[in-house]
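As structure tokens, the structure follows; a few thoughts come after it.
Nothing fancy with the numbering, it's 1 onward along the sequence.
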Amino acid sequence: MEKTKVVLATSNAGKVKEMADVLAEFGFEVIAQSEFGIKSPEETGLTFVENALIKARFASKITGLPAIADDSGLSVEALDGAPGLYSSRYAGEQAIDADNRKKLIKEMVDKENRSAKFVSCIVFLKHETDPTPYIALGECFGEILTEEKGENGFGYDSLFFYPPKLVTFAEMETREKKAISHRAIALDSLRQQLRGKK
């Protein structure tokens, strides 16, 4: 049976493989938008859901294919949800992960409430104007440390302490983190929706 092509609004090879593994059982072939020469649109939404939809609609419009996109980030309670949508550029447009972590440590000085969560939103559009897209959310709860711990991972992983395991995301093996992460939860939700178990 011929597979249905789906465009993934990313050029991240890791995400392509992750999505391909989930969608294979439903007869979908996942293709990164970079293979079509598509650049991501400006993310003007005010929520993770809105930004994921903006990216998916743009990719679907240009390719004419069903599209999937995700938007994710870190939300810290004491900072009113920041860095949130700006997680990847918290310390500025040209910021690297280390700059963002340094800013977060500074912003959290003297904060008693260290609660935080990683959030992932994955959307699936059957076509550009699909009025009923699949929307899958995943959240993983933890706390922000005062200093970094661990060498694995990326982004804010070395500051994100996960109480059930008593380690940071950066102290976990990649396979272990992938099993419990916000994206894993969102992917599982998407899988259940595609199976018709809403």
Donor-acceptor side-chain pairing of [X] and [Y] below 3.5 angstrom:
X	Y	answer
Ser189	Gln192	no
Ser158	Glu148	yes
Ser40	Gln33	yes

Side-chain contact, heavy-atom cut-off 4.5 Å: [X] with [Y]?
X	Y	result
Ser87	Asn100	no
Ser72	Arg183	yes
Leu74	Leu104	yes
Lys3	Phe28	no
Asn152	Asp157	no
Asp97	Tyr156	no
Ile68	Ile122	yes

Going only through I, L, V, M, F, W and Y residues with side-chain contacts under 4.5 Å, is there a path from [X] to [Y]?
X	Y	value
Ile185	Val22	no
Val16	Leu190	yes
Phe58	Leu53	no
Val49	Ile54	no
Tyr86	Val76	no

Please report the interatomic distance [atom1]([X]) to [atom2]([Y]), rounded to the nearest 0.5 Å.
X	Y	atom1	atom2	value
Glu143	Met108	CD	CE	9.5 Å
Asp99	Gln94	CG	CD	10.5 Å
Arg175	Ile180	CZ	CD1	14.5 Å
Lys5	Glu35	NZ	CD	10.5 Å
Phe141	Glu77	CZ	CD	9.5 Å
Leu125	Ile135	CG	CD1	8.5 Å

Does [X] [atom1] have over 12 foreign heavy atoms under 6.0 Å away?
X	atom1	value
Lys165	NZ	no
Glu25	CD	yes
Lys126	NZ	yes

Test: [X] and [Y] ion pair at under 4.0 Å:
X	Y	answer
Glu128	Arg57	no
Lys149	Glu171	no
Asp188	Arg191	yes
Lys55	Asp70	no

Determine yes or no for a side-chain-to-main-chain donor-acceptor pair under 3.5 angstrom, with [X] supplying the side chain and [Y] the backbone.
X	Y	value
Ser60	Leu65	yes
Asp71	Cys121	no
Arg114	Ile144	yes
Arg101	Gly155	yes

Worksheet item: Taking the six-membered ring of Tyr90 as reference, does the NZ or CZ atom of Lys103 fall below 6.0 Å from its centre and within a 45° cone about the axis?
Response: yes
Heavy-atom closest contact ([X] atom, [Y] atom, distance):
X	Y	value
Phe154	Lys177	CE2-NZ, 3.8 Å
Pro66	Phe124	CB-CZ, 4.4 Å
Cys140	Tyr162	SG-CE1, 3.5 Å
Ala56	Ala9	N-CB, 4.5 Å
Ala69	Ala52	CB-O, 3.4 Å
Ala78	Asn113	CB-O, 3.4 Å

Worksheet entry | Pair Thr4-Phe26, side-chain contact (heavy atoms from CB on, under 4.5 Å): steps then yes or no | CA-CA 9 Å; Thr4 302; Phe26 303 103; over 6 Å; no
Worksheet entry | Ring centers of Phe169, Phe118 separated by less than 6.0 Å | yes
Worksheet entry | Stepwise side-chain contact (heavy atoms from CB on, under 4.5 Å) check, Ile38 with Thr63 | CA-CA 9 Å; Ile38 301 171; Thr63 62; 3.5 Å; yes
Fill in: Set of side-chain hydrogen bond (donor to acceptor under 3.5 Å, both in side chains) partners for Lys17, sequence neighbours left out
Asp21
Practice prompt. Check the pair Phe160 / Thr168 against side-chain contact (heavy atoms from CB on, under 4.5 Å), numbers first and verdict last.
Written response: CA-CA 5 Å; Phe160 188 81; Thr168 66; 5.7 Å; no
Worksheet item: Given the rule in the side-chain contact (heavy atoms from CB on, under 4.5 Å) test, do Ile31 and Phe36 qualify, once you have shown the distances and angles that lead to the verdict?
Response: CA-CA 9 Å; Ile31 305 167; Phe36 295 96; 3.6 Å; yes
